[in-house]
Protein chains: 2
Amino acid sequence: MAESPLGQSTRDHEMAGSVRDGRSALSVTDRLREAILGGEIATGVRLNEVRLSQMMEVSRTPVRAALQALAGEGLLDYVPNRGFLVRTFPLSEIVDAYEIRAQLEGLATRFAAERGLSEQDRHIIEQALADGDALLAKGVFETGDMSRYRRINGDIHDTILGAAKNRMLGEMIRICHHVPVSSNRNIVAFEYRYVRRRHDDHHRIYEAILAREPHRAEALMREHIAGIKSSLVNSLRHQAPDTSEYRTSL
Amino acid sequence: MAESPLGQSTRDHEMAGSVRDGRSALSVTDRLREAILGGEIATGVRLNEVRLSQMMEVSRTPVRAALQALAGEGLLDYVPNRGFLVRTFPLSEIVDAYEIRAQLEGLATRFAAERGLSEQDRHIIEQALADGDALLAKGVFETGDMSRYRRINGDIHDTILGAAKNRMLGEMIRICHHVPVSSNRNIVAFEYRYVRRRHDDHHRIYEAILAREPHRAEALMREHIAGIKSSLVNSLRHQAPDTSEYRTSL
DNA sequence: TCAAGGAAAAATGTATACACTTTTCAAAAT
DNA sequence: ATTTTGAAAAGTGTATACATTTTTCCTTGA
C-alpha cells in the first residue's frame, strides 16, 4: 500500500537527473523519514541542513523541503532560526498514542462496518487471516515469523482503514504509527500467546464487519488496541524502568 | 478543473509594501492559512507560487516553505511537478470530521478528568461558564453575541484540551477544526435554543471533570459534539441539498 | 471540423549566493 | 580560576538564476 503521509499526496519524486548510484531511488523525504523511523537518527537531535545535503548529495533546497514535510507529519519540530529537531516523545505520549489509535481505529472499523467491504477487501483480509492461522498452527514462533506476522497484521489493518473511506482518518492513524514505540515496527510483546490472542481479535473484528455490526466492530477494535497497549505497558514495566524517553540506538 | 486566478479582487492593503514594523508582520504561512480558512481562496484552486510571492511581496522561497507547511497541516494537497492545491473536502468527510472530533475531544476530556485541572484552568472555565450564563440570560441572541459565544466556547474547549496534556492529541483536534464547515468559525446552527443546550453541556462536562469521573466526562463530550454534528446535518438537509462539496461564501 | 503535433510560454524543481542569526571559543577583565 | 565579551565560524532565511516539466495555443493534417 502506498504511503500517503499527512496532507500531501505522493510527496515527492526524484527522478535522477543524472546517473545515480542505485541506492538513492527514494525521495529525499522518504529517505529521511526512514532514517528517523528506523532510529538511525536519534530523537532530540538537531538536523544540520548542510550536512544532510552533503549526505544526500543534493542542495539544501530539497533538504529543506523534506524537513518541512516531515515537520508536518509530526516527526520533526521546528524552531525559527534554529532549524529542525527530531521530535522526542515522552513516555506518557507514547502510551497515550495507543489510546488515540484505539479511538481512531475503532472509528475506522465502525465506518468500515457501516460502509461495507469490497470483494477485494474481503479477499485480502481472508487471505491474511488464513495466513495467520497457518503461522500459528505450528504452535511456536520461529525466526522470521515475527516480520511475517507483522505483514499479515498490516494487511488487515490497512484494508479496514481503506474501507473506512476517509482520508483524514487514515492520515491521523498513520501519524500514530509514526510515534516511536507505538509503531508496529517496534512492537515488543510478540510472544506466541499474545499473537494468538491478537489474531483471534482479527477474526472477531472481521466477522463483526461482515455482519454489519458497526458498534460491535468498533468496540472490538478498541479492545484489540487496548490489549496491545496493555502488553506494551507491561513489558515496559518489566524491562526499562529507567528512561522517560524513547531512545534509539546508534 | 478550472484554473481560476486566486485572490482576484480584494487584496488591496495587506500591510502596504513599505516599512513593516516588526510586530504586524504575520508570517507568510499564517497569512496564507488565514486566507484559505477564511475562504478568500476557494477550495480546489491551484496555487501559483509566483503570483503568491508577488502578492506577499517576498520571493518564492518562503512561499514554498509556507506551502509545504500548510500541506503538512492538511490544508493543501501536493502533486509533484504541479504544485499545491487547496484541499477539497467532500461532504462525507466534513460530516465524518465531527465523528473524529467527538472521539478525540472525548478522549481529551477523559485525560483532563484523569489528570485534573490546574487552578488557572478552573478559573478560565468558570469565567467562561459565567459569561455564557450571562449571555444566555437575556433570552435572545443579538448582533455580536455569536462571536462572543464563539470565544467562550473556544476558551472552554481549549482549556480542557490543554489539561489533557498531550501534544499529538491537540494537533489532531486542530486539524479537525481546519476542515471547512467543521470549524467553529462556520458553525451554522447558532440559534438561541441550540446554544442554550450546548452551554448546558459545558456545565455538565466541567462538573464531571471536577468530580474526577473520566468515563462520564468523555461520554458527555462525545455527546456534546455529536449534538453539534446533528445540528449541522439538519441545517444542511434544509439549506443546501445541491453541492457535494463545501463552497466558501461568507 | 476536429484531432494531433510541437514549439513557445509558464510553472515548478534545484542550486547557489548572500544576508542575518546563532553558536563557538579564545582573549580580556574581574 | 571564573566570568565576560566579542569576533570568527557555522547555520538558517531569503533571493535569484537556471533546469526541467507542464501547460498553452497555434499550426498542420486527415
Side-chain angles (χ1 to χ4, degrees), chain A residues 5 7-21 24-33 41-42 44-72 75-87, chain B residues 1-8 14-15 17-33 41 44-72 75-87:
Chain A
Q8 52 272 56
S9 44
T10 40
R11 248 284 142 215
D12 48 278
H13 51 119
E14 160 147 336
M15 19 94 332
S18 59
V19 192
R20 284 273 149 101
D21 54 61
S24 52
L26 279 173
S27 77
V28 174
T29 305
D30 290 336
R31 286 204 287 159
L32 248 178
R33 188 191 299 106
I41 305 177
V45 164
R46 181 172 166 186
L47 297 176
N48 183 310
E49 296 177 5
V50 177
R51 210 173 313 168
L52 280 177
S53 63
Q54 286 164 353
M55 280 183 196
M56 306 258 183
E57 296 178 293
V58 292
S59 80
R60 275 177 60 213
T61 308
V63 169
R64 277 181 72 87
L67 295 175
Q68 292 278 4
L70 294 176
L75 252 60
L76 303 178
D77 283 330
Y78 171 70
V79 183
N81 287 314
R82 296 201 48 205
F84 297 84
L85 326 182
V86 179
R87 179 162 168 183
Chain B
M1 194 67 73
E3 216 307 60
S4 72
L6 43 109
Q8 46 259 65
E14 319 178 311
M15 161 205 291
S18 58
V19 272
R20 31 182 150 70
D21 61 280
R23 219 101 11 240
S24 74
L26 274 175
S27 76
V28 174
T29 306
D30 290 335
R31 288 205 286 160
L32 248 177
R33 188 193 298 108
I41 304 176
V45 164
R46 181 173 167 186
L47 297 176
N48 182 310
E49 295 177 6
V50 177
R51 214 172 313 173
L52 280 177
S53 64
Q54 286 165 351
M55 281 184 197
M56 307 259 185
E57 296 178 290
V58 293
S59 79
R60 276 177 59 214
T61 308
V63 169
R64 278 181 72 84
L67 294 174
Q68 293 277 5
L70 294 176
L75 252 58
L76 303 177
D77 282 331
Y78 172 70
V79 183
N81 288 315
R82 295 202 49 205
F84 297 83
L85 325 182
V86 179
R87 179 161 169 184

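Owing to the predicted nature of the structure, the values given are computational and were not obtained by experimental measurement. A note on names: the letters A, B, ... follow the listed sequences, proteins ahead of strands, and every chain is numbered from 1.
Counting only heavy atoms from C-beta outward, the side chains of A:Leu32 and A:Ile41 approach each other to under 4.5 Å. For the pair B:Asp77 and B:Arg87, the minimum side-chain heavy-atom distance is below 4.5 Å. Between A:Leu85 and A:Leu76, every side-chain heavy-atom pair lies at or beyond the 4.5 Å cut-off. Counting only heavy atoms from C-beta outward, the side chains of A:Arg33 and A:Asp30 approach each other to under 4.5 Å.
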**Prompt:** Step by step, would you call B:Phe84 with B:Gln68 a side chain to side chain contact (heavy atoms under 4.5 Å, CB included)?
**Reply:** CA-CA 9 Å; B:Phe84 297 83; B:Gln68 293 277 5; 4.2 Å; yes
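Take the nearest nucleotide of DNA chain C for B:Arg60 and for A:Arg82: the residue whose nucleotide is more 5' is B:Arg60.
Put simply, the side chain of B:Arg46 gets close to the backbone of B:Arg82: a donor and an acceptor are under 3.5 Å apart.
Per the geometry, CG belonging to A:Leu85 stands 11 Å off P belonging to C:dT23, to the nearest Å. In this entry the distance linking CE of A:Met56 with C1' of C:dT14 reads 16 Å, nearest Å. For A:Gln68 and C:dG13, the CD to P distance is 14 Å, given to the nearest whole Å. Rounded to an integer number of Å, the gap from CZ of B:Arg64 to P of D:dA15 is 14 Å.
Residue-level contact check: A:Tyr78 touches the backbone only, with heavy atoms under 4.0 Å from sugar-phosphate atoms and none from bases.
With distances taken from any side-chain atom of B:Thr61 to the nucleotides D:dT16, C:dA15, D:dG13, the minimum falls on D:dT16.
For DNA chain C, the residues of residues 45-55 of chain A within the heavy-atom distance limit of 4.0 Å (strictly under) are A:Arg46, sorted by number.
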